[in-house]
Amino acid sequence: LPILLLIFSSSPRLVFQISKMEALRKASVPCVSSAVLSTNSSQSLGGSFASILATITRSVPDDCVKKTFNQTVILDKSNGKAVCLPLSEASSSCDVMVRSLSQNYSFTSWKVEKDTFIAVSSGSGEFKSMNCKEIHKTVYAPGTTFGSVCFVENENEQAVVYVAECKSPKETEWGVGEAESETDMTTKYEHCDTWGEQHTGISKTAIFYWKWGEQGSKPVQIEVQGLENVTLGSVKVFNDFIVFSAFENTKSLRLGAQYCINRFSSIYYCPLEGGKVKKVSTSPAHCRLPLVTPDGSKVVWLETNALGPHSHANKIMYCTMSDILNGTPQETQACDQKVYIAGFAQRCFLNDTTLVFSHAMKSNKVVSALDLASGNLTTINSTTQGGVWGMFDVADNTILASYSTPAQGNVIMCSHVDNDDDISSLAWNQLTVASDFGLRYKHVDAGNKDVVILLPPESQTNKEALFPTIVVPHGGPHSVFIQDYYSMYAAFALEGFACIFPNYRGSLGWDDETLNTLLGKVGTQDVEDVIELIDLALEKEPQLDGTQLIVSGGSHGGFLTAHLTAQYPEKFIAAALRNPVTDISSMVFVTDIPDWCFVEAGLPYKHRSEITAEDLSIMRKVSPLPLAKNVKTPSMIMLGEKDLRVPPFQGRLWFEALRENDVEVKLFSYPEDCHPLATPKCAADVHMNLHIWFTSHLAKNQNKEE
């Protein structure tokens with residue numbers, strides 16, 4: 001039987017009756033993950049028409065799976081209107097799927113046990129595939145830390161370049177298989193350095209070149225001569241050369257790379273057929289995501305400081321191709337403004353000098369155009385709308401973007417740019433329809449911080465209803481709750497909860513000066529900011545029930561949840577912590593990011609063997625564990641047993657401390673999940689348990705009041 005959510009209180013609190021599964025099912029709306037303009041469709045459809053190929057993902061809570069669909073959208077460029085054709089379910093067997101820029105070909109890769117397969121197919125039925133078990137291991141998808149797949153346009157897309165894990169030497173084990181030499185050690189159990197959380201299989205990568213259009217051709221490794229002790233990453237092809245990123249393999253310990261844009265890395269140039277490399281970036285920094293301008297005159301990339309906070313603002317840099325070829329590269333910062341940017345679309349140039357991308361500005365995301373010639377950065381989306389604008393594609397003077405808010409899933413937006421258009425005042429057309437459940441949201445600016453409030457649908461019977469409120473501090477701490485759609489919290493809103501998303505000082509999207517104020521002050525400044533933003537939200541939104549506050553966070557958000565319940569033991573009626581940091585002084589010896597423990601505690605990073613008692617004392621002082629004796633709030637803890645970022649013993653320390661002090665506490669452990677707790681089965685289980693935990697304590701709180 002469905003469990004119904006009842007807000008157990010007298011008027012003016014509202015009674016909602018909707019099952020948690022119904023709410024989660026309803027909130028799990030389709031999400032457009034990519035949309036690409038087919039550049040050859042105008043000829044086949046007629047001059048004013050073009051087709052857009054969209055990829056859509058949707059979680060199916062009932063089956064605990066995530067499904068992928070393809071959809072074609074027919075765009076009339078003369079008036080900006082569109083017709084959406086029916087969805088077709090895509091194959092779920094592929095780990096990597098990338099379309100060529102012309103949309104004529106698709107590259108796919110998948111694994112069967114230990115074998116890696118690759119294939120190229122076309123809409124006309126052409127198909128080439130092969131087993132690469134004797135050539136390389138896993139192919140890494142674009143959008144991941146090291147992944148990249150590019151069709152070679154100069155060869156009519158009859159070749160493809162991609163990044164994959166190098167084939168390991170043959171494993172040897174005593175007593176198994178052929179007899180081993182008396183002098184050779186076995187290899188099966190020898191330690192292999194990897195890149196930590198969610199990158200445990202990534203050790204040594206290479207760039208491979210497959211001329212799939214040639215009969216009998218096999219992928220070959222591109223020899224990048226002159227590079228040693230590096231892990232190769234994202235690559236771009238232009239004519240007969242490639243540009244790519246390379247991460248330094250540090251001598252003692254490879255620090256975790258996932259979510260960390262502060263590892264030492266550089267940009268390099270190399271002939272497509274292999275040869276001696278030329279270094280493009282010259283600063284000792286973190287350099288990533290190289291691009292080549294359409295005319296081939298410049299290499300562009302993102303650059304941030306290495307070490308320090310794991311995320312901060314990026315400089316957009318470039319170097320002229322003539323300087324690279326002459327061996328005298330000179331970095332140039334493309335504009336004075338730094339940007340908080342996650343990445344670029346596959347096609348992101350409007351012309352030879354104009355780069356289009358989305359980036360965070362406070363808790364919004366905007367689409368901007370950067371003129372590399374003048375350095376001018378111009379916001380080009382509709383600035384009257386808050387929310388999140390993302391970039392999909394730029395082709396044929398057409399820009400495809402996405403738009404979403406906390407109250408609605410994303411839709412495809414389109415704008416056509418003529419040469420004489422003022423790019424700062426473009427007209428945008430919405431091509432697809434968003435699911436609308438009547439959810440509401442409000443943004444409250446507080447200068448160097450802000451808070452976003454998500455509200456349930458407005459009641460037709462009681463417009464003064466009060467909503468129990470979930471406070472959700474984000475992790476990082478240097479990340480941000482952008483004004484995006486989050487299905488889990490939309491489900492809670494449909495069930496009758498309000499949600500508060502506080503962006504405290506140290507969040508991304510403001511400036512690095514504000515971000516850096518948090519270093520050495522975690523556990524105090526961020527906690528005080530969250531409390532201030534809760535009070536501000538309660539002041540600005542009268543339907544929030546300040547007597548029924550719940551707090552729930554993961555990672556550093558779990559760290560804050562622990563601190564909030566310890567420092568304000570009477571404020572919250574329930575709490576939930578997902579993979580929380582509870583004691584930095586013990587975490588530093590086990591985590592894949594020991595540098596984080598130093599930086600956030602306000603200390604200079606050093607090797608773990610050099611840690612002093614004073615270092616540990618400072619880390620301990622900013623941690624919530626010493627304050628656990630103050631906690632009264634019933635708390636639920638959820639741990640991923642494969643978490644290398646915040647190892648699960650951190651949550652168990654908190655569990656044991658609360659149980660020792662007779663605080664009501666539950667612990668859930670997910671053996672196959674890591675830091676995000678994001679596998680479909682785990683995510684559904686987490687939501688259901690959160691729902692039951694929160695509603696049961698709302699009932700208990702109501703009984704106390706009565």
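Just so you know, these numbers use all the heavy atoms, side chains as well, and skip hydrogens, waters and symmetry mates.
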- prompt: Sequence neighbours excluded, which residues qualify as salt bridge (Lys or Arg N to Asp or Glu O under 4.0 Å) partners of Lys365?
  reply: none
query: Between Tyr403 and Asn381, do the side chains contain an N or O donor and an N or O acceptor separated by less than 3.5 Å?
result: no
- prompt: Among all residues two or more places apart in sequence or in another chain, which pass the side-chain hydrogen bond (donor to acceptor under 3.5 Å, both in side chains) test with Tyr140?
  reply: Glu165
Report, one line per pair, each donor and acceptor closer than 3.5 Å where one atom sits in a side chain of residues 406-413; sequence neighbours left out.
residue	atom	partner	partner atom	Å
Asn410	OD1	Val32	N	3.0
Asn410	ND2	Val32	O	2.8

task: Would you confirm whether the ring centroid of Phe492 sits within less than 6.0 angstrom of the ring centroid of His687?
output: yes
query: Can you say whether the rings of Phe344 and Phe357 are parallel (under 30°), tilted (30 to 60°) or perpendicular (over 60°)?
result: perpendicular
field: Thr679-Asp673 side chain donor-acceptor pair, cut-off 3.5 Å
entry: yes
query: Hey, do the aromatic rings of Phe497 and Tyr489 have their centres closer than 6.0 Å?
result: no
message: For the backbone of His474 and the side chain of Tyr504, can you confirm whether one donor and one acceptor N or O come within less than 3.5 Å of each other?
response: yes
field: Qualifying residues under salt bridge (Lys or Arg N to Asp or Glu O under 4.0 Å), relative to Lys111, sequence neighbours excluded
entry: none
task: Could you tell me how the ring of His556 sits relative to the ring of Phe559: parallel (under 30°), tilted (30 to 60°) or perpendicular (over 60°)?
output: parallel
query: Checking Thr561 side chain against Gly557 main chain: does a donor-acceptor pair fall under 3.5 Å?
result: yes
- prompt: Does the side chain of Met391 come within less than 4.5 Å of Val367's, by heavy atoms?
  reply: yes
field: Backbone N/O of Gly476 and side chain of Trp596: donor-acceptor pair under 3.5 Å
entry: yes
task: Hey, can you tell me if Tyr670 and Phe668 have their rings parallel, tilted or perpendicular (30° and 60° cut-offs)?
output: parallel
- request: For the residue pair His478 and Ser507, confirm or rule out a side-chain donor-acceptor distance under 3.5 Å.
  value: no
query: For the side chain of Tyr485 and the backbone of Ala27, is there at least one donor-acceptor N/O pair under 3.5 Å apart?
result: yes
message: Please determine whether the number of non-hydrogen atoms from other residues, nucleotides or ligands lying under 6.0 Å from atom NZ of Lys632 exceeds 12.
response: no
Exercise: do His691 and Glu495 side chains pair donor with acceptor under 3.5 Å: yes
field: Where at least one partner belongs to residues 473-484, residue pairs that pass salt bridge (charged side-chain N to carboxylate O under 4.0 Å, His left out), sequence neighbours excluded
entry: none
task: Please check if the side chain of Ser479 supplies one atom and the backbone of Gly475 the other of a donor-acceptor pair under 3.5 Å.
output: yes
message: Restricting to side-chain hydrogen bond (donor to acceptor under 3.5 Å, both in side chains), what partner residues turn up for Lys362, sequence neighbours left out?
response: Asp445
